[in-house]
Every structure is written in C-alpha cells, then in structure tokens.
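Report on one structure; see the data block that follows.
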Amino acid sequence: MPPLALSIDELLTTTRAVRKRLDLTRPVERELIEECLSLATQAPTGRNRQRWDFMIVTDPAKRSAIADLYRLGLVRPRQQVVGTGVDRTVGDQLRRLRLAESAQHLFDHLHEVPVLVIPCVRIEGRHEVDSFVGQANTWGSIIPATWQFMLAARSRGLGTAWTTPHLHYEREAAQILGIPYETVLQAALIPLAHTIGTDFRPGPRVGTEQIAHWDAW
C-alpha cells in the first residue's frame with residue numbers, strides 16, 4: 001500500500017487519536033506494521049542505546065485479555081491518577097461530549113481492534129524510574145520512537161491512539177504476553193487499524209502566544 005499523499009505539515013497536524021474511525025473488520029497487513037516499525041527505529045535515542053521493543057498483539061484471545069485489563073484499569077485503577085492541573089479546553093462542552101463518546105466506543109470495542117501495539121523500553125531494574133530524572137531518561141528512550149511509529153501509521157492509512165489504563169495491571173499484561181516484568185517497562189497500549197476514511201483535520205489548539213515563554217516565564 002503506497003503512503004498517502006500528505007505533506008509533512010499535513011502529517012504532523014492530522015495524526016489524530018483515532019477511536020470511532022478504526023476499521024474493526026479489516027486486517028492490518030504485517031508488512032505495513034514492519035514498515036512502521038522500521039521508521040520508528042530511526043527516532044532519536046539516548047546514547048544510541050536503542051532500548052525500545054514493540055509487542056505486536058494480533059492473537060484474538062490475547063487481544064481480548066489485554067483489552068480486559070485496559071477496561072479494568074479504567075473502572076478499577078490501582079493508582080490514583082491526578083485529574084487536576086492545566087486544562088485549556090474548559091468551557092467547550094460539545095468537544096468534551098464528543099471525546100467521551102469516542103472514549104466509550106474504544107472501551108466497548110478495543111478487543112475487536114485487529115492489532116494492539118505495546119511499546120516497551122528495556123531497563124536494568126525498576127529502580128531506574130524511581131527518580132524524576134530517571135523517568136525522563138527512560139521515557140525519552142521510547143516515546144519519540146512510538147510517536148514516529150504513529151506518524152508512519154497515519155501516512156499509510158492506519159489509525160492509532162495513545163492509551164495507558166492497562167498499565168494499572170502491567171504485571172498481569174506482562175504475564176499474558178511473556179514480557180520480562182522486572183527488566184522491561186510497558187509505556188502504552190496503542191490500538192492499530194485501518195481508518196474509515198483518511199480525511200482527518202487538525203485538532204483545535206490554543207495559539208502559540210499562550211504557550212511560548214521567551215527568556216522568562
């Protein structure tokens with residue numbers, strides 16, 4: 001499948017979190033996934049250690065089990081997730097409603113998504129993320145590659161969404177998939193499928209004048 005005719009700016013501004021428009025009936029070709037992985041591994045990586053791994057889950061039973069952990073993480077989280085802080089979308093009730101509907105759709109259908117991708121990063125031990133600096137170093141070794149994977153997927157007519165609720169049950173997910181829990185961190189759970197249509201638009205964002213701080217806060 002040839003890449004979509006997207007400019008670089010179009011690719012960067014239309015790679016959306018796709019939930020309701022994931023095609024649950026169409027298989028994703030392995031060669032497409034491998035192309036995206038090949039591009040993902042060109043991402044910057046600290047000290048060129050290339051600590052990334054990607055678990056590709058296509059087995060229906062395992063997809064269903066991981067989807068159950070995702071749902072469990074939402075309805076019975078093991079850790080408190082702080083919901084306060086900056087929210088620049090306050091007041092946009094219609095958009096919030098649409099987001100809630102989209103999230104519910106993924107909650108109901110995640111097990112039907114043909115491919116689940118779990119980006120992982122290798123560590124010597126879980127003590128590496130005890131400190132803030134350790135976390136920054138570790139996540140900085142997997143997040144750029146994962147986003148590059150998602151951009152590559154978009155360019156090939158595939159949709160993705162970054163999710164994290166299953167991490168409340170990361171150890172159980174590791175057991176299901178044979179991931180070495182003590183030396184491999186799971187960073188996210190990304191549904192992957194062909195999209196229903198490829199016409200995505202830039203998302204609503206605040207202007208740069210609200211986020212740029214020149215020389216002082």
Side-chain angles (χ1 to χ4, degrees), residues 1-45 50-70 102-103 105-122 139 141-167 173-174 176-179 184-203:
M1 176 179 177
L4 302 176
L6 299 173
S7 70
I8 293 176
D9 285 0
E10 287 174 325
L11 177 63
L12 292 173
T13 57
T14 64
T15 301
R16 309 255 56 81
V18 184
R19 302 178 186 91
K20 295 181 72 174
R21 291 178 59 183
L22 295 173
D23 191 336
L24 305 179
T25 64
R26 181 179 174 185
V28 178
E29 300 83 346
R30 179 167 177 159
E31 63 189 74
L32 281 182
I33 301 173
E34 291 176 341
E35 287 176 12
C36 295
L37 289 172
S38 180
L39 291 168
T41 60
Q42 291 300 314
T45 168
Q50 303 180 49
R51 294 194 284 163
W52 46 55
D53 288 274
F54 289 82
M55 175 62 68
I56 314 299
V57 187
T58 60
D59 177 80
K62 291 182 178 180
R63 289 196 338 253
S64 181
I66 297 300
D68 284 343
L69 294 180
Y70 167 88
S102 177
H105 180 84
L106 188 64
F107 183 95
D108 294 337
H109 296 281
L110 182 60
H111 61 288
E112 300 175 59
V113 178
V115 182
L116 301 178
V117 179
I118 300 178
C120 302
V121 58
R122 296 185 184 224
W139 302 126
S141 296
I142 183 60
I143 290 176
T146 306
W147 179 235
Q148 204 145 303
F149 176 90
M150 296 167 80
L151 290 170
R154 161 65 175 143
S155 75
R156 284 155 175 77
L158 302 172
T160 59
W162 184 287
T163 80
T164 56
H166 95 284
L167 295 177
I176 292 169
L177 300 171
I179 298 172
V184 175
L185 293 175
Q186 300 169 48
L189 173 62
I190 298 173
L192 178 72
H194 286 278
T195 57
I196 300 171
T198 59
D199 54 327
F200 291 89
R201 296 175 293 179

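Residues Gln186 and His166 form a side-chain contact, since some pair of their non-hydrogen atoms from C-beta on lies under 4.5 Å apart. Annotation: side chain of Leu106 is in contact with side chain of Leu22 (closest heavy-atom distance under 4.5 Å). Side-chain atoms of Trp52 and Thr146, non-hydrogen and from C-beta on, never get closer than 4.5 Å to each other. Between Arg154 and Leu6 the shortest side-chain heavy-atom distance falls below 4.5 Å. In this structure, the side chains of Ile142 and Phe54 come closer than 4.5 Å at one or more pairs of heavy atoms. Counting heavy atoms from C-beta on, the side chains of Val117 and Thr160 never come closer than 4.5 Å. A heavy-atom distance below 4.5 Å is not found between the side chains of Asp68 and His111.
When the side chain to side chain donor-acceptor pair (under 3.5 Å) test is applied to His105, no partner is found at least two apart in sequence or on another chain. Partners of Glu34 under the side-chain contact (heavy atoms from CB on, under 4.5 Å) rule, at least two apart in sequence or in another chain, are Arg30.
In this structure, the side chain of Arg63 engages the main chain of Val113 through a donor-acceptor pair within 3.5 Å. Here the side chain of Thr163 pairs a donor or acceptor atom with the backbone of Leu189 at under 3.5 angstrom. No side-chain donor-acceptor contact under 3.5 Å links Thr15 to the backbone of Leu12.
Considering every non-hydrogen atom in both Ala161 and Pro191, the closest pair reads O-CD, 3.1 Å. Nearest heavy atom pair, residue Cys120 against residue Val184, reads CB-CG1, 3.5 Å. For the residue pair Ala173 and Ile66, the shortest heavy atom distance occurs at CB-CD1, 3.9 Å. Across all non-hydrogen atoms, the minimal contact from Lys62 to Ile176 is CE-O, 4.0 Å. In terms of heavy-atom proximity, Ala145 sits nearest to Ala40 at O-CB, 3.3 Å. In terms of heavy-atom proximity, Arg156 sits nearest to Cys36 at CD-SG, 3.9 Å.
A distance of 9.5 Å separates NZ in Lys20 from NE2 in His109, rounded to the nearest 0.5 Å. Rounded to the nearest 0.5 Å, atoms CD (Glu31) and OG (Ser38) are 13.0 Å apart. Atoms CG and CD, from Leu158 and Glu29 in turn, are 8.0 Å apart once rounded to the nearest 0.5 Å. Here Asp53 contributes atom CG and Leu185 contributes atom CG; the two are 11.5 Å apart, rounded to the nearest 0.5 Å. Here the straight-line distance linking atom OG1 of Thr41 with atom CG of Leu39 works out to 7.5 Å at 0.5 Å rounding. Residue Leu37 holds its CG atom at 11.5 Å from CD of Gln148, rounded to the nearest 0.5 Å.
Under the side chain to side chain contact (heavy atoms under 4.5 Å, CB included) rule, Ile118 has a single partner from Ile190, Leu177, Ile56, which is Leu177.
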side-chain contact (heavy atoms from CB on, under 4.5 Å), that's the test. Do Leu192 and Ile33 meet it? Break it down for me. CA-CA 9 Å; Leu192 178 72; Ile33 301 173; 3.9 Å; yes
One pair to check against side-chain contact (heavy atoms from CB on, under 4.5 Å): Thr58 and Val28. What are the steps and the verdict? CA-CA 9 Å; Thr58 60; Val28 178; over 6 Å; no
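Annotation: Arg122, atom CZ; neighbour count of heavy atoms from other residues, nucleotides and ligands within 6.0 Å does not exceed 12.
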